[in-house]
Amino acid sequence: MLWPCAALPHAPLAPRTTLRLGGAAEWLLEPATPAELREAVQAARADGVEPRILGGGANLIVDDGVLPGVVITTDRMKRLFRPQDAKLDLAETADARIAPAPREEGLALVAWAGTTHQKLLSSACDLGWSGLEGLAGVPGQVGGGVAMNAGGRWGEMWDCVERVLVVDEQSDLVELAREQCTPRYRNGGLGRKIVVSALLRFRFDAVKAVKERAREFLLSKNKVQPVTLLSAGCIFKNPDPERSNGLSAGQLVEQAGLKGTHIGDAWISEQHGNFFVNRGQSTARDFLALIELARARVVDRTGIVLENEVKVWTAASTEGAPSGAAPSGAAPSGAAPSGGAP
Ligand SMILES: Cc1cc2nc3c(=O)[nH]c(=O)nc-3n(C[C@H](O)[C@H](O)[C@H](O)COP(=O)(O)OP(=O)(O)OC[C@H]3O[C@@H](n4cnc5c(N)ncnc54)[C@H](O)[C@@H]3O)c2cc1C
């Protein structure tokens, strides 16, 4: 197969996810520019395949074995710059260099999809531009962050998104204004559109104040999350607080007595009930079985069906945003579920 950009057959995906588990992609395409990304999507669709898009792999479980079809990674699309013209047209400014403008001017950054959250946040902090401090400690890339509306109690990605450039369902490059989009809790509301770049607008502030806020948020998260272990962040979305009596998904898992439960090397963190970790050799199958076990126990206890926040890519799933059920017939390969520490 001749692809319009760098392409790897049978490429292992585990090293490209924060969980470090799962199998390989039949094809992994690595576009380096917006035009190449569009062409890669077009080529996959022309081949009868809907491509899956991989950002930083920080919110993703990839199934074991070979995933048929095409995965497109945005890893090579890391450009971040201050747009030069007043129109802020994403398509037209896509090749602009960072303008050496005074920091009080513009207050806008254009980030290509593969720019890491960390790079985006540190650049905004250095400029004293406020708005994305809540992304401190949230791994991933801008494309994934916009698609997921990454964030938390201190703010989320779409607080700053003014426009996005996407590859739409017809494989055209289209620019969308914020008003045309419907971002919500952990969902950018873009459906199957693929994020190419985003124009982010900030508030002017003192450099020190912005940096201190980001640091404070990071330290708060580090106190409660198992940040040194392999995870995909929160597994479940928080349920409607009216139904859960204000309890978060992590609290519901904890109250069901599940902290420390494991199947093989897939563990529910002792520290945070909504973080499931790979203690080294977990398979996707065990990980998915552990998720289903937790979901079932919480339903039994409370009647609340927890919905996945994490995306699951199985051979059978389409883009990767199904309800998150384990592959049919999945059975844990490791030890029977057990509570308590090893
Ligand atoms: C330690 C840890 C802490 C975390 N804390 C938080 C937190 O506080 N808040 C939070 O929201 N998340 C958190 N997460 C989860 C994760 O960081 C975010 O969801 C992040 O936005 C995922 O971005 P990504 O680039 O890694 O996306 P990926 O995991 O690569 O992909 C996630 C989904 O986005 C889609 N996607 C990726 N790129 C694109 C694109 N260019 N266009 C369209 N769709 C795309 C994928 O197809 C997939 O469906 C945490 C994760 C970890 C490991």
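When a ligand or atom number is given, it counts from 1 through the structure's own listing order.
- Close approach of ligand 1 to His117 (heavy-atom distance below 4.0 Å) involves ligand atoms 20 (C), 21 (O).
- Looking at Glu156 against ligand 1, nothing comes within 4.0 Å, counting heavy atoms.
- Ligand-side atoms of ligand 1 in range of Trp313: 47 (O), range being under 4.0 angstrom from any heavy atom.
- With values rounded to the nearest 0.5 angstrom, Glu39 atom CD is found 11.5 Å from Leu29 atom CG.
- Of the heavy atoms in Ser231, both backbone and side-chain atoms come closer than 4.0 Å to ligand 1.
- Set against the non-hydrogen atoms of Lys193, the atoms of ligand 1 under 4.0 Å away are 43 (C).
- If you look at Thr18 next to ligand 1, the close heavy atoms, those under 4.0 Å, all belong to the side chain.
- Here the shortest heavy-atom distance to atom 52 (C) of ligand 1, taken over Gly137, Ala113, Gly233, belongs to Gly233.
- At a heavy-atom distance under 4.0 Å, only side-chain atoms of Lys311, from C-beta outward, approach ligand 1.
- Only the backbone of Ala232 comes within 4.0 Å of ligand 1, counting heavy atoms alone; no side-chain atom from C-beta on gets that close.
- Neither the backbone nor the side chain of Met157 comes within contact range of ligand 1; no heavy atom lies under 4.0 Å.
- Taking the charged nitrogens against the carboxylate oxygens, Arg192 and Glu169 have no contact shorter than 4.0 Å, which rules out a salt bridge.
- Residue contacts with ligand 1, taken as heavy atom pairs separated by less than 4.0 Å, do not involve Trp154 at all.
- Taking every non-hydrogen atom of Arg186 and a distance limit under 4.0 Å, the qualifying atoms of ligand 1 come out as 11 (O).
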Report the C-alpha distance between His117 and Met157 in whole Å, list the side-chain angles of each, state the deciding distance to 0.1 Å, and finish with yes or no for side chain to side chain contact (heavy atoms under 4.5 Å, CB included). CA-CA 10 Å; His117 292 162; Met157 181 65 97; 3.8 Å; yes
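- Using a 30° and 60° split on the angle between ring planes, Trp267 and His262 fall in the parallel class, below 30°.
- Expressed to the nearest 0.5 Å, how far CD of Gln281 lies from CG of Asp265 amounts to 6.0 Å.
- Judged by distance alone, with hydrogens and angles left aside, the side-chain atoms of Asn245 form no donor-acceptor pair with the main-chain N or O of Leu247 at under 3.5 Å.
- Aromatic ring pairs are classed by plane angle as parallel below 30°, tilted from 30° to 60° and perpendicular above 60°; the pair Phe287 and Phe276 is tilted.
- Between Asn238 and Glu309, the side chains place no donor N or O within less than 3.5 Å of an acceptor N or O (distance only, hydrogens not considered).
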